[in-house]
Undergrad: 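Here you go, one structure.
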Amino acid sequence: MANYEVKTEVSGSVWKIVTEVGQKIEPGETLMIIESMKMEIPVICEQGGAVQKFLVEETMPVNEGQAVAVLSK
């Protein structure tokens, strides 16, 4: 079973995590929401899989390209 990291495309702070560890998500589904410049930007999962762990918590700052979660196929 291969693991891969989901990365954010924007800098900001984690506003809300909308999935849970162990949850299976499909490609195109939202994993979490980043607040950046007063806008809510979803972190979209490009590949489906099960959430293994989060690398960030709500309210934490994140940088563009930072890994925020690990999923398994």
Undergrad: Taking side chain as C-beta onward, heavy atoms only, is Glu64 less than 4.5 Å from Glu9?
TA: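 Glu64 does not reach Glu9 side chain to side chain.
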
Undergrad: Does Val62 reach the side chain of Val68, with side-chain heavy atoms less than 4.5 Å apart?
TA: yes

Undergrad: Output the distance between atom CG (Leu71) and atom NZ (Lys53), rounded to the nearest 0.5 Å.
TA: 12.0 Å

Undergrad: On a heavy-atom basis, which atom in Ser11 and which in Ser36 lie closest, and how many Å separate them?
TA: O-OG, 2.8 Å

Undergrad: Check for me, please, whether Met60 and Val51 land in the same ILVMFWY cluster - side-chain distances under 4.5 Å, paths through other members count.
TA: yes

Undergrad: Checking Thr30 side chain against Ile44 main chain: does a donor-acceptor pair fall under 3.5 Å?
TA: no

Undergrad: Do Thr19 and Met32 come within less than 4.5 Å of each other through their side chains, counting heavy atoms only?
TA: no

Undergrad: Side chains of Ile34 and Ser13: does their closest heavy-atom pair fall under 4.5 Å?
TA: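 Result no, sub-4.5 Å side-chain heavy-atom pair not found.
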
Undergrad: Are Val70 and Tyr4 close enough that some pair of their side-chain heavy atoms sits under 4.5 Å apart?
TA: no

Undergrad: Taking the side chain as C-beta and beyond, is there a heavy-atom pair between Glu40 and Ile33 under 4.5 Å?
TA: yes

Undergrad: Spell out, as yes or no, whether a donor-acceptor pair under 3.5 Å connects the side chain of Glu58 to the backbone of Ile17.
TA: yes

Undergrad: What closest approach, in Å, do Pro27 and Glu46 show between heavy atoms, and which atom pair accounts for it?
TA: CB-O, 3.5 Å

Undergrad: Side chains of Thr8 and Gln66: do they bring a donor and an acceptor to under 3.5 Å?
TA: no

Undergrad: Is Met39 atom CE crowded by more than 12 heavy atoms from other residues, nucleotides or ligands, each under 6.0 Å away?
TA: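 No, CE of Met39 has 12 or fewer neighbouring heavy atoms, counting only those of other groups under 6.0 Å.
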
Undergrad: Side chain to side chain contact (heavy atoms under 4.5 Å, CB included) between Thr59 and Val14: does it pass, once the steps are laid out?
TA: CA-CA 5 Å; Thr59 73; Val14 179; over 6 Å; no

Undergrad: Quick one: are Phe54 and Leu31 in side-chain contact, heavy atoms under 4.5 Å?
TA: yes

Undergrad: Please give me the minimum heavy-atom distance between Glu29 and Glu26, naming the atom from each residue.
TA: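 Smallest heavy-atom distance, with atoms named: OE1-N, 2.7 Å.
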
Undergrad: Can you check side chain to side chain contact (heavy atoms under 4.5 Å, CB included) on Asn3 and Gln52, steps first, answer last?
TA: CA-CA 8 Å; Asn3 289 344; Gln52 295 299 306; 4.1 Å; yes

